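Step one of this worksheet: look at the structure below.
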Amino acid sequence: MADTTGAPAEEAVLYEAADGVAVITINRPRAKNAVNAAVAQGIADALDDLDSRDDLTVGIITGAGGTFCSGMDLKAFMKGEVPVVEGRGFAGFAQRPPRKPLIAAVEGYALAGGFETVLACDLVVAAEDAKFGIPEAKRGLVAAGGGLLRLQHRIPRNIAMEFALTGDFVDAPRLAELGLVNSVEPSGGALDGAKRLAARIAENAPLAVAVSKQVVNESEDWSTEEMWTRQDAITGPVFVSHDAMEGAAAFAEKRKPNWKGA
């Protein structure tokens, strides 16, 4: 991972952060941004930085060279290399995404593990000609990096089943109709669209944003009896935070709030 826009070409993952937004770029365009061990570790390191910094509210993950990610690097895998970070899973976050929201900015193909990486994100902005899919069944494999687990919760079950069993590709406009893609942009415009969405999020209080993500993600498994109690335990600190007082003061004084993330 390199914290500079001028990172050398051999860096597997590029990283830059400004104005509350971190941008993570898989930088293996000649390999269609296939995930190897270096990519997985680079993404994990970048997401650790995102979560640890009070000046960052939201992240974006994208791919260099017009492709998001073609999945696991099979050549590296055949040599014994595993693109998994212990405790975090495939690509460094499939099993344990960051605490803060993450936007996938998708150009070209997001296939197999690449689609599973998208599904580990919270929001998706895609170019109109982007293609998605979990084609593992066509190769005698299964989408065990989160594709089978997550897709059925993002789109209707029967459609998710169709994608899993056929392995067919699906385009961004179709996934937007199904509710998985938030915004469809002209070809080449996914990252710009993701940055616009990220800027809207980054205007808000960082603590409130992170806690809102947590409640949305965790509440799916809460029973009716426990949901209010569990929500209160998570959201309670927000209401007594500096940012809560600052938000009210800024509203009353008709000025932009100065968030502290606490």
Side-chain angles (χ1 to χ4, degrees), residues 12-13 24 26 28 31-44 47 61-63 67-98 102-127 129-182 190 216-217 220-221:
V13 174
I24 303 160
I26 304 173
R28 302 188 69 218
K32 301 298 183 184
N33 295 322
V35 178
N36 60 8
V39 169
Q41 189 60 59
I43 293 174
L47 295 178
I61 185 166
T62 192
T67 295
F68 181 78
C69 176
S70 59
M72 181 173 66
D73 187 330
L74 295 178
K75 293 180 180 179
F77 178 74
M78 290 173 63
K79 296 176 182 178
E81 190 174 302
V82 181
V84 169
V85 174
E86 186 175 356
R88 305 198 68 149
F90 175 76
F93 78 110
Q95 290 182 22
R96 183 164 67 86
L102 189 62
I103 303 169
V106 183
E107 296 282 349
Y109 290 94
L111 303 176
F115 193 15
E116 292 175 314
T117 300
V118 170
L119 292 170
C121 295
D122 303 291
L123 302 159
V124 184
V125 177
D129 55 354
K131 303 290 185 184
F132 302 77
I134 43 175
E136 281 86 347
K138 293 180 181 290
R139 302 291 180 264
L141 302 171
V142 292
L148 301 179
L149 296 173
R150 288 192 170 107
L151 188 58
Q152 62 177 313
H153 299 295
R154 302 294 181 85
I155 64 175
R157 176 192 176 279
N158 283 17
I159 305 300
M161 187 71 78
E162 178 184 342
F163 293 165
L165 300 184
T166 67
D168 291 345
F169 297 174
V170 58
D171 61 24
R174 174 61 173 151
L175 286 183
E177 292 175 359
L178 293 168
L180 192 147
V181 170
N182 296 79
V216 170
N217 283 344
E220 182 178 14
D221 297 324

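Nothing here was measured: the structure is a model prediction, and the numbers come from that model.
In plain terms, the two heavy atoms of A164 and A137 that are nearest each other are O-CB, 3.8 Å. Considering all non-hydrogen atoms of both residues, P135 and A112 come closest at CD-N, 3.6 Å. In this structure, A94 and A120 approach most closely via the heavy-atom pair CA-CB, 4.1 Å. Closest approach of K131 to D171, counting heavy atoms only: NZ-CB, 3.8 Å. Considering all non-hydrogen atoms of both residues, A110 and F68 come closest at CB-CD2, 3.8 Å. Taking all atoms of both residues into account, the shortest heavy-atom contact from G92 to A44 is O-CB, 3.7 Å.
Between R88 and L47, some side-chain heavy-atom pair lies under the 4.5 Å cut-off. You'll find the side chain of F132 reaches within 4.5 Å of the side chain of L175, heavy atoms only. T67 is not listed as a side-chain neighbour of E107, based on a closest heavy-atom distance of 4.5 Å or more. Taking the side chain as every heavy atom from C-beta outward, V106 and V125 never approach each other to under 4.5 Å. Looking only at side-chain heavy atoms (C-beta outward), V82 and F90 stay at 4.5 Å or farther from each other. Contact annotation: the side chain of I24 never approaches that of T62 to less than 4.5 Å [non-hydrogen atoms, C-beta and beyond]. Between M161 and Q152 there is no side-chain heavy-atom pair separated by less than 4.5 Å.
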Given C121 and L102, is the side-chain contact (heavy atoms from CB on, under 4.5 Å) satisfied, shown in steps? CA-CA 5 Å; C121 295; L102 189 62; 3.8 Å; yes
I'd like to know whether D122 forms a side-chain contact (heavy atoms from CB on, under 4.5 Å) with I103, so could you lay out the CA-CA distance, the side-chain angles of the two residues, the decisive distance to 0.1 Å, and finally the verdict. CA-CA 6 Å; D122 303 291; I103 303 169; over 6 Å; no
Criterion side-chain contact (heavy atoms from CB on, under 4.5 Å) on N33 and Y109, from CA distance to verdict: CA-CA 10 Å; N33 295 322; Y109 290 94; over 6 Å; no
The test is side-chain contact (heavy atoms from CB on, under 4.5 Å); show your working for M72 and V35 and say whether it passes. CA-CA 5 Å; M72 181 173 66; V35 178; 5.5 Å; no
Check the pair R139, E136 against salt bridge (charged side-chain N to carboxylate O under 4.0 Å, His left out), reporting the backbone distance first and the verdict last. CA-CA 5 Å; R139 302 291 180 264; E136 281 86 347; over 6 Å; no
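Looking at D73, I26, T117 one by one, the single match for side-chain contact (heavy atoms from CB on, under 4.5 Å) with V39 turns out to be I26.
Note: E81 CD to L74 CG = 12.0 Å, rounded to the nearest 0.5 Å. Taking NZ from K75 and CG from N36, the interatomic distance works out to 12.5 Å, rounded to the nearest 0.5 Å. Once rounded to the nearest 0.5 Å, the distance linking SG of C69 with CZ of R28 reads 9.5 Å. Between the CZ atom of R150 and the CD atom of E116 there is a distance of 9.0 Å, given to the nearest 0.5 Å. Between atom CG of residue D168 and atom CD of residue E162 there is a gap of 7.0 Å, rounded to the nearest 0.5 Å. Atom CG of residue L151 and atom CG of residue L180 lie 7.0 Å apart, to the nearest 0.5 angstrom.
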